[in-house]
**Student:** 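Right, I'll just put the structure down here and ask away after.
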Amino acid sequence: MVAQVRRHPLAAQTAELLLARIRGGEWPLGHRLPGETILAAQLGVGRSTLREAIRELAGKGVLDSRQGAGVFVTALDVTDDWDVVLRRATIAAVIEARIAIEAEAAALAAQRRTPADLRAIRRALAARATHGVSIDAHVDADMAFHRTVIVAAHNDVLTQLFDSFLPRLRVAMIDMLKIRPVPSESADHEAHIRLTDAIAHRNPSAAAEFSRTHLTQLKAAFS
């Protein structure tokens, strides 16, 4: 047990050294690392420690050990957990990501939506038009509308990406609307009607443009 406790920090340090060299550009993306014997000698560690370090970086998606072929660089840095990334991100950055996702999703929805999808979008559109509700309820209804559009794109990756943004976005939207209400609720809702109509009429370019314009205006409100 004592030997394992001592070895673990050494393996972690070795992993950090390897990662530093990868970040520094010594081994480009897709490049094969030197052989185990050579690399262990360069780092001044035993082969078992090196293997442990490689396993650690493989678990983080940086390296890939391929039997009979060697160890390859599959990422140039460790990717933070989504929750960490979103906590660090500015709301403007989150909205920029939404623009990229939702404009494409709107275009796909216009191409792929089913009658059931369109009914769901229209129900969500009607729900967000309710007047006199709390700010929290309005934001939830708005998020629900945008999610129905993304679901209508029939791309699970886009839906999961949007869902990952929701908690961060919801809090920011509520905070903003408490300080700075939407200048014109009717104009804001009209933008959502235009998006719905473009999807209903199977017009991908118009749907993408309406989505992009609306979200760009939203981003400007946060600046």
Side-chain angles (χ1 to χ4, degrees), residues 1-105 108 139 143 146-147 150-151 153-176 215 219 222-223:
M1 180 63 72
V2 173
Q4 289 179 340
V5 170
R6 287 175 179 168
R7 187 172 66 248
H8 177 71
L10 184 56
Q13 291 172 38
T14 303
E16 281 298 319
L17 286 172
L18 283 172
L19 185 58
R21 291 172 71 173
I22 292 168
R23 285 170 174 156
E26 184 169 345
W27 301 304
L29 193 64
H31 193 86
R32 183 168 64 84
L33 267 58
E36 190 177 271
T37 303
I38 294 172
L39 195 54
Q42 286 180 359
L43 295 168
V45 298
R47 292 170 66 178
S48 62
T49 298
L50 176 63
R51 290 190 199 110
E52 194 172 340
I54 288 171
R55 279 196 297 272
E56 180 179 331
L57 291 178
K60 294 177 178 178
V62 175
L63 297 176
D64 181 28
S65 185
R66 303 170 190 170
Q67 189 162 2
V71 178
F72 293 81
V73 177
T74 50
L76 300 179
D77 206 345
V78 175
T79 302
D80 284 329
D81 181 83
W82 262 117
D83 289 341
V84 175
V85 172
L86 290 174
R87 280 197 300 271
R88 291 175 180 169
T90 64
I91 190 60
V94 172
I95 294 174
E96 286 171 355
R98 277 190 68 191
I99 292 169
I101 292 168
E102 293 191 50
E104 178 63 17
L108 291 174
V139 169
M143 294 295 99
H146 287 279
R147 192 177 190 280
I150 292 174
V151 168
H154 294 276
N155 182 313
D156 290 342
V157 176
L158 292 177
T159 302
Q160 290 186 35
L161 283 170
F162 180 79
D163 285 348
S164 71
F165 293 147
L166 273 179
R168 172 80 171 92
L169 187 64
R170 181 181 185 276
V171 172
M173 284 295 298
I174 290 170
D175 289 346
M176 185 199 76
L215 291 170
K219 177 188 168 187
F222 278 95
S223 60

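All values derive from a computational prediction rather than experimental measurement.
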**Student:** Suppose we screen for side chain to side chain contact (heavy atoms under 4.5 Å, CB included). Which residues come up paired with A40, at least two apart in sequence or across chains?
**Tutor:** R47, L50
**Student:** Looking at NE2 of H31 and CD1 of I22, how far apart are the two atoms once the value is rounded to the nearest 0.5 Å?
**Tutor:**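 Answer for the NE2-CD1 pair, H31 versus I22, is 10.5 Å.
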**Student:** Please give me the minimum heavy-atom distance between G61 and A75, naming the atom from each residue.
**Tutor:**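 Nearest heavy atoms, G61 then A75: O-CB, 3.4 Å.
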**Student:** Do you know the tightest heavy-atom contact between V157 and N155?
**Tutor:** N-OD1, 3.0 Å
**Student:** Can you name the closest pair of heavy atoms from A11 and E56 and give their distance?
**Tutor:** O-OE1, 4.3 Å
**Student:** Would you please name every residue forming a side chain to side chain contact (heavy atoms under 4.5 Å, CB included) with P167, sequence neighbours left out?
**Tutor:**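 Expected list: none.
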**Student:** Kindly indicate whether the side chain of L18, heavy atoms from C-beta on, has any atom under 4.5 Å from the side chain of V62.
**Tutor:**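 No; the side chains remain at least 4.5 Å from each other.
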**Student:** Can you tell me how far apart CG (L161) and CD1 (I101) are? Round to the nearest 0.5 Å.
**Tutor:** 4.5 Å
**Student:** State which residues pass side chain to side chain donor-acceptor pair (under 3.5 Å) with R23; sequence neighbours excluded, sorted by chain then number.
**Tutor:** D77
**Student:** To the nearest 0.5 Å, what is the distance between CD (E16) and CG (L57)?
**Tutor:** 8.0 Å
**Student:** Rounded to the nearest 0.5 Å, what separation is found between the CG atom of L169 and the NE2 atom of H146?
**Tutor:**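 L169 CG to H146 NE2: 9.0 Å, rounded to 0.5 Å.
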**Student:** In a table with atom names and distances, give each donor-acceptor pair under 3.5 Å that connects a side chain of residues 63-72 to protein atoms at least two apart or in another chain.
**Tutor:**
unit_1	atom_1	unit_2	atom_2	d
D64	OD2	R66	NE	2.9

**Student:** How far apart are the closest heavy atoms of A153 and A105, and which atoms are they?
**Tutor:** CB-O, 3.5 Å
**Student:** Would you name the heavy atoms of F162 and E102 that are closest together and state the gap between them?
**Tutor:**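 Minimum heavy-atom contact is CE1-OE2, 3.4 Å.
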**Student:** What distance do L10 atom CG and T49 atom OG1 have between them, rounded to the nearest 0.5 Å?
**Tutor:**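 These two atoms lie 4.5 Å from each other.
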**Student:** If you round to the nearest 0.5 Å, how far is OG1 of T14 from CD1 of I54?
**Tutor:**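 The distance works out to 10.0 Å.
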**Student:** Sequence neighbours left out, what passes side chain to side chain donor-acceptor pair (under 3.5 Å) with H154? Give chain and number order.
**Tutor:**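 If we apply the side chain to side chain donor-acceptor pair (under 3.5 Å) test to H154, skipping adjacent residues, the hits are D117.
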**Student:** For the residue pair V73 and P28, what are the closest heavy atoms and their distance?
**Tutor:**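 The answer is CB-O, 3.6 Å.
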**Student:** Mind checking side chain to side chain contact (heavy atoms under 4.5 Å, CB included) for Q42 and listing every partner two or more places apart, or none if nothing turns up?
**Tutor:** R21, I38, L39
**Student:** According to the salt bridge (charged side-chain N to carboxylate O under 4.0 Å, His left out) rule, which pairs have a member within residues 153-167, sequence neighbours left out?
**Tutor:** R147-D163
**Student:** Tell me every residue that passes side chain to side chain contact (heavy atoms under 4.5 Å, CB included) with A92, counting only those two or more places apart in sequence or in another chain.
**Tutor:**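 In terms of side chain to side chain contact (heavy atoms under 4.5 Å, CB included), with neighbours along the sequence ignored, A92 is linked to T90, K219.
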